[in-house]
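Working notes, beginning with the structure itself.
Computed from a predicted structure; not experimentally measured. Letters A, B, ... mirror the listed sequences (proteins, then strands); counts begin at 1. Values below: all heavy atoms of this structure, side chains included; hydrogens, waters and symmetry mates excluded.
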There are 2 protein chains.
Amino acid sequence: MANIYDVAREADVSIATVSYVINGKHNLNPETVEKVARAVEKLNYKPNRVARSLALNATNLIGVVVSDISNPFFSPIVRGIEDAAGRKGYIVVVGNSDEDWEKAGKYLDTLINHRVDGIILSPTSSFEKLENKLGGLDKPIVLINRSSTSFKCDTVESDNMLGAEMAVKHLLEMGHTRICAFSGPLSVSTHLKRIEGYRAAMAEWSVPIRDEYIVTSPRHNDMEFIRKSVTGLMTGNKRPTAIFAGSGKIALNVLKSVNEMNLRVPEEVSIISFDETEWASLINPPLTTVGQKTYKMGQTAAQILLERIDHGTTGNKIRNIRLVPELNIRSSVRALLS
Amino acid sequence: MANIYDVAREADVSIATVSYVINGKHNLNPETVEKVARAVEKLNYKPNRVARSLALNATNLIGVVVSDISNPFFSPIVRGIEDAAGRKGYIVVVGNSDEDWEKAGKYLDTLINHRVDGIILSPTSSFEKLENKLGGLDKPIVLINRSSTSFKCDTVESDNMLGAEMAVKHLLEMGHTRICAFSGPLSVSTHLKRIEGYRAAMAEWSVPIRDEYIVTSPRHNDMEFIRKSVTGLMTGNKRPTAIFAGSGKIALNVLKSVNEMNLRVPEEVSIISFDETEWASLINPPLTTVGQKTYKMGQTAAQILLERIDHGTTGNKIRNIRLVPELNIRSSVRALLS
DNA sequence: AAAATATTTTTAAGCGCTTAAATCAGATAG
DNA sequence: CTATCTGATTTAAGCGCTTAAAAATATTTT
């Protein structure tokens, strides 16, 4: 593969000149530009970005760490990042943490070795264990999806509390009061915020909160746990009329459990879910959801990161952006005329 | 950020020695190793991969081009790639082509400039226009999802013809003969193969093929076209008893159209779909599908690519792997007792 | 026409690594 | 005691670019 020396020889100029015409700088004689262009064309010269990166101390690479790229929640985020980054000439390298901070840490080391210009990271639980590593970094970082209380840096997330409030208020407005919330582990800030939103909405409507109506999975995606909880709650005598599912995955499991019990939605139980999914509008009945702006989240995170990369990591104050979710009213919530 | 000179100075050795201990080569005095290790630790030294890449002419980067990472079909593929690549110390950079060969071409140029060690590419239509660019490359390439007749290189795809045969035979076995096939543009090899499979299955069962039962969208995801076609077919007098949807997206649109017409599935029309989706088992009735092994596809592609990277791009013969799809029988196909 | 100035191109050092070849210090042999 | 060999470390060149500073050339000015 031809290098800059080959081009220089072909065009009968110095490598400096080649470099200058390729980067479009300096005062160049138009004839020289033409000569070099011809040589580039003839030799099919592709400037070596790794040499350039070494010289410039900038790779035009941005690193992304998500829990799982095959999760339909994360993939639009990555797409948003890629689009925003691509427009500015950056390429995106992606890794999966599987919610495992050690795995995330290893991947971060690799990214650092590769000298990515910046990192977008979706914090896992035990995220604080990575904070030293990130703190000592001279490259900008932006957090997505979840925030960290201890580590201060730009963050783009959904307004989870508001989203939950929107969902629960919708149920309240439809006449429900016996509203049950299914949540993932509260060690995860998103879930915690959603439960806070649930509480806030209930409080605002002065509806007493029963502890047994707040069910918290100890782990993500624990189908067994959810099945048991749904069965327990829906066979009791004071059974809820509505369920707020704290995530798309939880909604899926709740739905399956409810189907297994042959309970009709929304006649016997109304369901509203956090997270908009591809199938929400497809199932029967179409599922009412509070959707997160995932693409926007990625896009915004990338924009902020690129600003930092351009203007140095020091300036400005730290930004914490909360995207407002949107309520998609469909047919899984029925009006309760009490 | 400390470099190899800093470490050498701190450990009071030459940079060559530092390099040797970091890469674990050569005859090293254990004491020296220890000394260097301490210096590395103390200075929090992170070897600069870009300098290493330049010296070694190998970046440990692999480039991936898919139509759309946020498409649930592609994201597990990318995950499979990432997992296989990560195990061997490679990182993955991903770009989206949006089925646009020019966009794919631009991204390929970027990848080449960055000197990725290999490329995994999902061909778009008009893929042949990229063949020069790819042909002149001295880096290995593997194609996924779709193959190219003209460009010869390793390919990992689903056995689309077989998958369609499996689907259509299932319908035939259930007693259907008036089977309609909905397909994407036949310029795309996957769709072409699936229609071939449809024809083969029909032929094998000696069921005459009616041309009007093969409906081909001119574009991907043309909801209007599908709605019209479904309406047309299902209001005629010789209406089909079953529909084979040539992709998950098509199934989604067919399903919506069928719902709009208030046709009951499977009582009035049976449906089977290519592609397994997250929602297939969730909808009512649960959708019978022929699922592709997407994760495996990515993983296999990466393994083949890495082999080529290790053993040089020249050796061996070209491999063309066809993954066998799997039939997921659910409830959207009813037995027709004629 | 020489000096001063403006324009264009080149020289050369540096970015942080790898590695073949050279060097050096000990150990062993003659 | 010197020559030879072995093992450990260093020297130095090279990977392909960028860019400040120097040099060369062209254009104005006096």
Side-chain angles (χ1 to χ4, degrees), chain A residues 1-37 39-40 43-61 89 109-117 138-139, chain B residues 1-37 39-40 43-61 89 109-117 138-139:
Chain A
M1 194 169 250
N3 65 20
I4 200 171
Y5 288 91
D6 300 322
V7 176
R9 196 176 318 118
E10 176 72 29
D12 195 31
V13 295
S14 73
I15 61 164
T17 302
V18 176
S19 176
Y20 287 133
V21 343
I22 280 170
N23 297 298
K25 296 190 194 163
H26 237 258
N27 303 328
L28 284 320
N29 183 332
E31 284 173 23
T32 312
V33 173
E34 177 59 25
K35 248 192 331 187
V36 171
V40 165
L43 300 178
N44 189 28
Y45 170 63
K46 307 281 179 192
N48 187 327
R49 255 271 20 155
V50 2
R52 181 158 215 265
S53 296
L54 183 61
L56 291 180
N57 190 29
T59 54
N60 276 34
L61 235 52
D109 280 331
T110 308
L111 293 177
I112 295 169
N113 289 348
H114 277 270
R115 297 296 191 268
V116 296
D117 291 336
D138 54 347
K139 303 286 166 61
Chain B
M1 193 170 253
N3 65 19
I4 201 170
Y5 289 91
D6 300 323
V7 176
R9 195 175 320 116
E10 176 72 28
D12 195 31
V13 295
S14 72
I15 60 164
T17 301
V18 175
S19 176
Y20 287 133
V21 343
I22 281 169
N23 297 298
K25 296 189 194 163
H26 238 261
N27 303 327
L28 282 322
N29 183 330
E31 283 173 23
T32 311
V33 173
E34 177 58 23
K35 248 192 331 188
V36 172
V40 165
L43 300 178
N44 190 27
Y45 169 65
K46 306 281 180 192
N48 187 327
R49 256 275 11 159
V50 3
R52 181 159 216 265
S53 296
L54 183 61
L56 290 181
N57 189 30
T59 54
N60 276 34
L61 235 51
D109 281 331
T110 308
L111 293 179
I112 295 168
N113 289 348
H114 277 271
R115 298 295 191 269
V116 296
D117 290 335
D138 55 348
K139 301 287 164 67

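Listed candidates were C:dC17, D:dC17, C:dT10. Nearest to the side chain of A:A55 is D:dC17. Considering only side-chain atoms of A:A16, the nucleotide from C:dA12, C:dT18, D:dT10 that sits closest is C:dA12. Comparing D:dT10, C:dT19, C:dT11 by their nearest atom to the side chain of B:S14 picks out D:dT10.
Overall, the helix from C:dA1-D:dT30 to C:dG30-D:dC1 carries an axis bend of 70° between its ends, with five pairs at each end and the value rounded to 10°.
Within residues 2-9 of chain A, the residues having any heavy atom closer than 4.0 Å to DNA chain D are, in order of number, A:N3, A:I4, A:Y5.
Looking only at side-chain heavy atoms (C-beta outward), B:R52 and A:N113 stay at 4.5 Å or farther from each other.
Among residues two or more places apart in sequence or in another chain, the side-chain contact (heavy atoms from CB on, under 4.5 Å) test is passed with A:N29 by A:E31, A:T32. Taking the side-chain contact (heavy atoms from CB on, under 4.5 Å) definition, one finds that A:V18 meets it with A:I4, A:V7, A:A8, A:V13, A:I22, A:V36, sequence neighbours left out. Under the rule for a salt bridge (Lys or Arg N to Asp or Glu O under 4.0 Å), B:K35 has no partner lying at least two apart in sequence or in another chain. In terms of the side chain to side chain donor-acceptor pair (under 3.5 Å) criterion, B:N57 has no residue partners (sequence neighbours excluded). Under the ring pair (Phe, Tyr, Trp, His ring centres under 6.0 Å) criterion, B:Y45 pairs with no residue, sequence neighbours left out. Partners of B:D117 under the side chain to side chain donor-acceptor pair (under 3.5 Å) rule, at least two apart in sequence or in another chain, are B:T59. Take A:D12 and apply the side-chain contact (heavy atoms from CB on, under 4.5 Å) test, not counting sequence neighbours, and it matches no residue. Partners of A:N3 according to the side-chain contact (heavy atoms from CB on, under 4.5 Å) rule, which considers only residues two or more places apart in sequence or in another chain, are A:Y5, A:D6.
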(request) Please test B:K139 against B:V116 for side-chain contact (heavy atoms from CB on, under 4.5 Å), starting from the C-alpha separation and ending with a verdict. (result) CA-CA 8 Å; B:K139 301 287 164 67; B:V116 296; 5.9 Å; no
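Backbone-only contact: B:N48 has heavy atoms under 4.0 Å from sugar-phosphate atoms and none from a base. Counting non-hydrogen atoms under 4.0 angstrom, B:L54 reaches a base of the nucleic acid. Residue A:L28 is in sugar-phosphate contact alone, with no base atom involved, counting any heavy-atom pair closer than 4.0 Å across all strands shown. If you check every strand for non-hydrogen atoms under 4.0 Å, B:S53 touches nothing. Contact annotation for B:N57: no contact, since no heavy-atom pair falls under 4.0 Å across all strands. Residue-level contact check: B:V13 touches the backbone only, with heavy atoms under 4.0 Å from sugar-phosphate atoms and none from bases.
Heavy atoms only, all atoms of each residue included: A:G89 and A:N60 are closest at O-ND2, 3.1 Å. When all heavy atoms are compared, the tightest approach of B:I112 to A:K46 is CG2-CG, 4.0 Å. The shortest heavy-atom contact between B:R115 and A:P47 is NH1-O, 3.8 Å.
Rounded to an integer number of Å, the gap from B:H114 NE2 to D:dG16 P is 17 Å. Atom-to-atom, CG of B:D12 to P of D:dA8 comes out at 18 Å; the value is rounded to the nearest Å. Atom pair B:N29:CG and C:dA25:P shows a separation of 15 Å (rounding to whole Å applied). Regarding A:M1, its CE atom lies at a distance of 10 Å from the P atom of D:dC17, rounded to whole Å.
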Below 3.5 Å is the cut-off: list the nitrogen or oxygen pairs between protein and nucleotides 21-24 of chain C, distance only.
none

Table of protein N/O atoms under 3.5 Å from nucleotides 24-29 of chain D N/O atoms:
none

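Listed pair A:N27 / C:dT9 fails the phosphate criterion, with no side-chain N or O lying under 4.0 Å from OP1 or OP2. For A:S19, no side-chain nitrogen or oxygen approaches OP1 or OP2 of D:dT19 to under 4.0 Å.
Checking side-chain atoms of A:S53 against main-chain N and O of A:R49 turns up a donor-acceptor pair under 3.5 Å.
Heavy-atom distances to DNA chain D give each of B:L56 and B:I15 a nearest nucleotide, and the one nearer the 5′ end belongs to B:I15.
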